[in-house]
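Reviewing the structure listed below.
Bear in mind that the values here come from a model prediction, so they are computed numbers and not experimental data.
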Amino acid sequence: MGKNNKAFQFRIYPTKEQKELFAKTFGCCRFIYNQMLSDKMEEYKKTGKMLKTTPAAYKKEFPWLKEVDSLALANVQLHLERAYRNFFERPEIGFPKFKSKHHSRDAYTTNLVNGNIRLFEKGIKLPKAGVVKAKLHRQIPEGFRMKAVTVIRKPSGKYFVSILFEYYADENQVRGREERERKVIGIDYAMHGLAVFSDGSKCEHPDYYRKSEKRLSREQRKLSRCKLGSLNYQKQKKKVALCHEKVKNQKRDFHHKLSRKLADEYDVVAVEDLNMKAMSRCLNFGKSVADNGYGMLLNMLSYKLEDRGGKLVKVDRFFPSSKSCSQCGKVKQVLPLSERVYRCECGYTNDRDVNAAINIRDEALRLLSA
């Protein structure tokens, strides 16, 4: 049995006092991150060595740091050190940046120590904050052990907790999938839509962002007319955030349902390893790529298949899935995007995207058997 981690997110409804404590904690975490980063940079300039320090060293100079959860500050130190290591191991990631009060994510993470965090039927006990009212809309599976909790404040003003659990995966389900014949499906990405499957079916994306564009542009125009920093500005800013949040939730809900359906029905899902960022930059497809959220779907598919003993196989992006005939294997040298029906010299004719999905499925089977 393998050890795994899984997080569940629940909405919480803090009181006025608890909101003030959360705001203090967000601010203290941001402050200690910036202070430690600044000191590390100064030390490196002077001596060329890495400064090793802890949040506790700053509490004498800044006593108000004692008002918030110490584990939240300790996690800030871990995040900063991880960012430093990532930069030196992979410089293309970039050097750690200072956190802005207005543009940074409002969140902090605390760990379970000696029962300081507990779940109740209608709430959750958090360090310093006490019991916070929560909507626990799903039951935690048996055998899941709590590790950490992240408190999040969204731009819309809503509060959530993301609870990280540790559990041991049941390998019986994995073994059962291996014993029977595997069900495999190939997926070809569709720019105007979402996906085309090797069985001939297609999945159209509802285009939530494009449907909300008119309302969103109206609310953003109102925001642009408000005086920066005024009360009306803050109110209107929250309305814009709510518009964006609704679109985000609609997209996530759609992808969760589709990925759950695919993970339940198939043992292996084959996809192309596409560079979505590069695709969004070319041919003015940025809005279409961002709207359908194909990358989000693949992330969800990956962990849901893994939970059920399945596998997501990524085929090389340079594999000629569109140009190859899925019957005879012959590869066309030229295939313009305007040609939507694939016709081969062997007499095979099929929809261009369905033919590509079949080739992706067959290539994944070849990779698995190799």
Side-chain angles (χ1 to χ4, degrees), residues 9-35 37-38 64 68 94 96-108 132-133 135 150-162 191-194 204-256 276-297:
Q9 191 173 95
F10 303 104
R11 187 170 178 187
I12 57 173
Y13 301 87
T15 61
K16 185 180 178 181
E17 292 76 16
Q18 289 168 338
K19 286 180 181 179
E20 288 175 359
L21 176 65
F22 291 156
K24 279 183 183 179
T25 310
F26 298 145
C28 288
C29 288
R30 184 174 59 249
F31 170 81
I32 204 72
Y33 183 94
N34 291 340
Q35 192 69 33
L37 177 58
S38 177
W64 36 267
V68 301
K97 296 178 181 177
F98 290 103
K99 293 185 180 291
S100 164
K101 180 179 179 181
H102 302 288
H103 304 292
S104 297
R105 180 171 176 256
D106 287 334
Y108 75 88
V132 184
K133 185 181 175 184
K135 180 68 175 176
T150 300
V151 179
I152 307 159
R153 181 175 64 190
K154 298 288 180 74
S156 61
K158 296 176 184 176
Y159 288 81
F160 294 85
V161 287
S162 179
M191 187 71 73
H192 299 289
L194 180 62
E204 294 292 333
H205 192 269
D207 294 331
Y208 294 115
Y209 177 76
R210 290 187 182 275
K211 289 176 182 176
S212 302
E213 266 189 305
K214 190 176 286 187
R215 184 192 171 196
L216 186 57
S217 60
R218 184 173 63 245
E219 297 298 343
Q220 285 176 327
R221 276 198 304 272
K222 289 181 183 177
L223 180 65
S224 67
R225 297 188 190 108
C226 294
K227 185 180 178 181
L228 188 66
S230 65
L231 187 61
N232 284 336
Y233 179 87
Q234 298 300 330
K235 288 180 181 177
Q236 190 59 34
K237 190 178 178 183
K238 189 173 287 188
K239 285 185 181 180
V240 173
L242 282 168
C243 289
H244 281 292
E245 189 176 285
K246 182 179 179 181
V247 174
K248 180 183 175 182
N249 290 340
Q250 286 175 320
K251 285 164 66 173
R252 287 183 66 84
D253 180 68
F254 177 82
H255 287 111
H256 270 302
M276 303 306 296
K277 187 175 284 187
M279 287 181 68
S280 67
R281 291 172 181 167
C282 68
L283 301 175
N284 297 320
F285 285 146
K287 198 176 290 185
S288 297
V289 172
D291 196 8
N292 59 33
Y294 187 70
M296 185 194 300
L297 174 66

Listing, residues 238-250 side-chain donor-acceptor contacts under 3.5 Å, not counting sequence neighbours, or none:
unit_1: E245; atom_1: OE1; unit_2: S156; atom_2: OG; d: 2.6
unit_1: E245; atom_1: OE2; unit_2: K158; atom_2: NZ; d: 2.9
unit_1: N249; atom_1: ND2; unit_2: E245; atom_2: O; d: 3.3

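- Among residues two or more places apart in sequence or in another chain, the side chain to side chain donor-acceptor pair (under 3.5 Å) test is passed with R252 by none.
- With sequence neighbours left out, the salt bridge (charged side-chain N to carboxylate O under 4.0 Å, His left out) criterion links D106 to R153.
- By the ring pair (Phe, Tyr, Trp, His ring centres under 6.0 Å) test, H205 pairs with Y208, F254, H255, sequence neighbours left out.
- Counting all heavy atoms, side chain and backbone alike, I12 lies closest to F160 at CG1-N, 3.9 Å.
- Between the NE2 atom in H256 and the CG atom in L297 there is a gap of 10.5 Å [rounded to 0.5 Å].
- The ring pair (Phe, Tyr, Trp, His ring centres under 6.0 Å) search around Y209 returns none, not counting sequence neighbours.
- For E204, there are no salt bridge (charged side-chain N to carboxylate O under 4.0 Å, His left out) partners, not counting sequence neighbours.
- Judged as a side chain to side chain contact (heavy atoms under 4.5 Å, CB included), and not counting sequence neighbours, the contacts of F98 are N34, L37, S38, M41.
- Listed by first and then second residue, the side chain to side chain donor-acceptor pair (under 3.5 Å) pairs involving residues 19-30 are K24-E67 (not counting sequence neighbours).
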Acceptor/donor pairs from residues 221-232 side chains to any protein atom, 3.5 angstrom cut, sequence neighbours excluded:
unit_1: S224; atom_1: OG; unit_2: R221; atom_2: O; d: 2.6
unit_1: S230; atom_1: OG; unit_2: K227; atom_2: O; d: 2.7
unit_1: S230; atom_1: OG; unit_2: Y233; atom_2: N; d: 3.2

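- Between F26 and Y108 there is a side-chain heavy-atom pair separated by less than 4.5 Å.
- For Q236, the side chain to side chain donor-acceptor pair (under 3.5 Å) partners at least two apart in sequence or on another chain are E219.
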